[in-house]
Amino acid sequence: MAALSPFLVVYYQELGLKGTQIGILAGLPALISLVGSPAWGAFADRTKKKKLTLLMSIGGAILFALAISGFATFWLLIPMVALYAFFSSPIFPLIDSSVMADLGGQKQKYGQYRMWGAIGWGISAPIIGWLIEISTIKASFWAFAVLMLVGLLIAGFIPISGQLGAASTGEFRQFFTDRRWLIFLGIAFISGMVLAMISSYLFIYLRELGAKEVTLGWSLTVATLSEIPVLYFSNRFLKRWSPSRLITAALFLYAIRALAYTLIAVPWMALLIQLLHGPTFSLMWIAGVAYADAIAPAGLKATAQGLFSGVIFGVGSAVGSILGGVVYEQSGLVNLFRLAALIALVGGGLMLIVEGRKYEKEI
């Protein structure tokens, strides 16, 4: 994923698309995932073939990623990006659900397994950046295809378990009658917005400061290296602090991170700021997974994880990407990052209020 996802906005920019158009294309995958994940889940449950679901989704993601590289106009890119998003949407939920199911009573160790995704990003990102620099941006599409093909071969030899399907309407309603869930989903939405505003537009911002593609790759490596200690020691963090307290810390650190980007004058300084990626994204993710598992209705743990993922990477990410594109076009990237910092501060303030509530103490 590091070979393609961060470089897509760079590809859109090189095509000469406007900020709003880039925002729509960046936000479209998140919106498609809200439909794609449940659709794939229904298919997996009906056929009882979860591994086949994973293999089909990886294969489709490879095919339509390469298709994106063959189109250069906004209107032709929309269906290709939508199809790419549809096929890639169940990959992570299926793997996460399988890992959580296999861990059983040791779910606090999830972060130690999730850590290997960060290592994969850290290793591949600078290599992909170098490939792009010595060739063209389309090298990212071919690198993605090759690496995902390896993933496809590996996936054929591993067991896939866990629940992927969505809950029934009656069961799903339980999430929206619990005040804790309403507040939590609101915080997840805010987090998704901030994450998308930073991740979708950081590369464009660094290129405006004069960064080369290899520097962009190293910025991802530094970011993913910062994830490793957070993920590895996640079980210790969760034993010492409540999930809501960790979410609060992540949001305030997001505000510092977003504001810090606006204060740099040369690209290499962003590498230092990228060290906050672990204490923001990874801390938010492991705390959110733990929080969702703790307050989920009985028998709906996997559905709860899907809902959390859907809000933060779906609705929140889509709104953040599209809003970011509008702000980028109208008033520039500095103001975009300042807006992200303000939104993160609001989210952190709300979580401070939540921490003192009686229903939080019940967790």
At their closest point, which heavy atom of [X] faces which heavy atom of [Y], and how far apart are they?
X	Y	answer
T248	G348	CG2-O, 3.8 Å
I187	G347	CD1-O, 3.6 Å
L283	F237	CD1-CD1, 4.4 Å
I322	G23	CG1-O, 3.6 Å
M197	G320	CG-O, 3.6 Å
T280	L276	OG1-O, 2.6 Å

Mutual orientation of the aromatic rings belonging to Y201 and Y328 [parallel < 30°, tilted 30-60°, perpendicular > 60°]: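 Rings of Y201 and Y328: tilted, 30 to 60°.
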
Test your reading of the model: is there a side-chain donor-acceptor pair from [X] to the backbone of [Y], 3.5 Å cut-off?
X	Y	result
S317	G314	no
S199	L195	yes
E133	V214	yes
S140	I137	yes
S321	A318	no
Q330	V327	no
S282	P279	no

Do [X] and [Y] come within less than 4.5 Å of each other through their side chains, counting heavy atoms only?
X	Y	value
W285	I312	yes
L4	Y84	yes
L209	V266	no
Q13	R207	yes
F7	F144	no
E227	H277	yes
V81	P29	yes
V289	F308	yes

Spatial distance of atom [atom1] ([X]) from atom [atom2] ([Y]) [nearest 0.5 Å]:
X	Y	atom1	atom2	result
L251	M351	CG	CE	7.5 Å
M148	L66	CE	CG	11.0 Å
L63	F87	CG	CZ	7.5 Å
I286	L246	CD1	CG	5.5 Å
L17	E329	CG	CD	11.0 Å
S244	L350	OG	CG	13.0 Å

Would you indicate whether [X], at its atom [atom1], is surrounded by more than 12 heavy atoms from other residues, nucleotides or ligands within a distance under 6.0 Å?
X	atom1	answer
F74	CZ	yes
F71	CZ	yes
K51	NZ	yes
W121	CH2	yes

Salt-bridge present (K138, E14; N to O < 4.0 Å):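 Here K138 does not pair with E14 in a salt bridge, since their nearest N and O are not under 4.0 Å apart.
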
Group every Ile, Leu, Val, Met, Phe, Trp and Tyr by side-chain heavy-atom contacts under 4.5 Å, then state whether [X] and [Y] land in the same group.
X	Y	answer
I264	F337	yes
L352	L253	no
L271	L263	no
M284	F92	yes
I95	F157	no

Steps toward side chain to side chain contact (heavy atoms under 4.5 Å, CB included) verdict (W130, E213): CA-CA 7 Å; W130 173 76; E213 277 67 19; over 6 Å; no

Candidate pair Q274 and Y261, rule side-chain hydrogen bond (donor to acceptor under 3.5 Å, both in side chains), full reasoning: CA-CA 9 Å; Q274 288 291 80; Y261 288 125; 2.4 Å; yes

I247/F184 under side chain to side chain contact (heavy atoms under 4.5 Å, CB included): CA gap, chis, key distance, verdict: CA-CA 10 Å; I247 291 172; F184 176 57; 4.1 Å; yes

I22 and L25: CA distance, side-chain angles, deciding distance, side chain to side chain contact (heavy atoms under 4.5 Å, CB included) verdict: CA-CA 5 Å; I22 293 175; L25 291 175; 5.9 Å; no

Ring centre gap for Y291 and W181 strictly below 6.0 Å: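 No, they do not, as the ring centres are separated by 6.0 Å or more.
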
Pair F141 + Y11: ring centers closer than 6.0 Å: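 Centroid distance F141-Y11: below 6.0 Å, so yes.
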
Evaluation steps, side chain to side chain contact (heavy atoms under 4.5 Å, CB included), between Y205 and V334: CA-CA 8 Å; Y205 180 60; V334 169; 4.1 Å; yes

Under 4.5 Å side-chain linkage, directly or through intermediates, the cluster mates of V146: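 Besides V146, the hydrophobic cluster comprises nothing; the residue is isolated.
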
